[in-house]
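Take a look at the structure set out below.
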There are 2 protein chains.
Amino acid sequence: MRSVDKKIELLKVIAHPVRIQILKELSKGVKCVSDFEEPTQASQPNISQHLGLLRRYGLIDYYMDGRLRCYFLVDPIVLDVLEILKKEYKGSLPAPACCPVTKKGTYPGNRRR
Amino acid sequence: MRSVDKKIELLKVIAHPVRIQILKELSKGVKCVSDFEEPTQASQPNISQHLGLLRRYGLIDYYMDGRLRCYFLVDPIVLDVLEILKKEYKGSLPAPACCPVTKKGTYPGNRRR
DNA sequence: ATAATATATACAAGTATTATAATATGTTAA
DNA sequence: TTAACATATTATAATACTTGTATATATTAT
């Protein structure tokens, strides 16, 4: 099974505005490079670089179709990350109960902020 | 509602080995700074810097308890990201059907790789 | 007060990321 | 074969990130 470290690396690769946009497009289906120019508003070489990075990390792949490179999603982790971006989070996690136990022991001090 | 761009930013902040480890610990409950030294294997100033970053982005917060800073999770997005790291992904997404439609049109060319 | 503890801050140095510009490669069409 | 097209590669400069070292601040204990 894939190590946690590897997945953290993938998260970092995914977490970039242009690359997210690319991945979003790919979640709709196969696309070629020039298809990303409009949605990302990035230059062709820049898109090509991002695609290369995503491919080096195994997140996407392509096949040749005439003179087009047809890119598609490979790694299922991408869809889960995109889900998080769609999800609406309301509010915060419940505040912790006072005076928790840490390794240093339990401390009775007052809550100052 | 929180913008997608903001969430991408948060993802990027989260996607760091030391910070993930910190967030993992916090998902178990409240911890003070020195509690992170062992699991992260990072120096105190380094941990403090990462905690500061996580806090600036609103992912965590703390309250004072005597001379300890008790940190806790605030943003629910953190738990969803940690879920992804736990999840076991087997295999790849289904390969795309041949000859998809891109903006450039449908191309009949052979699959070369 | 003073010392010890817990944590933060400032700064410097190294490294990594990003976008841009210029150019190259391979494919199809004329 | 030449032109046009689709895309990649390389170099580079600007910026951002990361960490270590040194030091500062605040709190508690003596």
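Residue numbers begin at 1 in each chain, while the letters A, B, ... track the order of the sequences. Computed from a predicted structure; not experimentally measured.
- If Ser48(A) and Val18(B) are placed on DNA chain D by their nearest nucleotide, the residue sitting closer to the 5' end is Ser48(A).
- Rounded to the nearest 0.5 Å, atoms CG (Asp75(A)) and CD1 (Ile60(A)) are 11.0 Å apart.
- Using a 4.0 Å heavy-atom criterion, one finds that Phe36(B) contacts no nucleic acid atom at all.
- For the pair Leu53(A) CG and dT9(D) P, the computed distance is 13 Å after rounding to whole Å.
- For the pair Tyr62(B) OH and dA26(D) P, the computed distance is 12 Å after rounding to whole Å.
- The pairing partner recorded for dA6(C) is dT25(D), the criterion being a Watson-Crick or G-U wobble arrangement whose two distances lie under 3.5 angstrom.
- Whole-Å rounding puts the Met64(B) CE to dT5(C) P distance at 17 Å.
- Not a single donor-acceptor pair under 3.5 Å links the side chain of Asp80(B) to the backbone N or O of Ile77(B).
- A sub-4.0 Å separation between OP1 or OP2 of dT5(C) and a side-chain N or O of Ser34(B) is absent.
- Residue Lys12(A) places no side-chain N or O under 4.0 Å from the OP1 or OP2 atom of dA16(C).
- Residue Gln44(A) places a side-chain atom within donor-acceptor reach of the base of dA8(D), judged by atom type and a 3.5 Å distance cut-off alone.
- Distance Gln49(B) CD to dG20(D) P: 9 Å, rounded to the nearest Å.
- Atom pair Arg67(A):CZ and dT28(C):C1' shows a separation of 5 Å (rounding to whole Å applied).
- Side-chain atoms of Arg19(A) come within 3.5 Å of backbone atoms of Val13(A) as a donor-acceptor pair (strictly under, hydrogens ignored).
- When the P atom of dG20(D) is taken as reference, atom CD of Glu37(B) falls 12 Å away, rounded to whole Å.
- Rounded to whole angstrom, the span from the CG atom of Leu11(B) across to the P atom of dC17(D) amounts to 15 Å.
- We find that CZ of Arg69(A) is positioned 11 Å from C1' of dT9(D), with the value rounded to whole Å.
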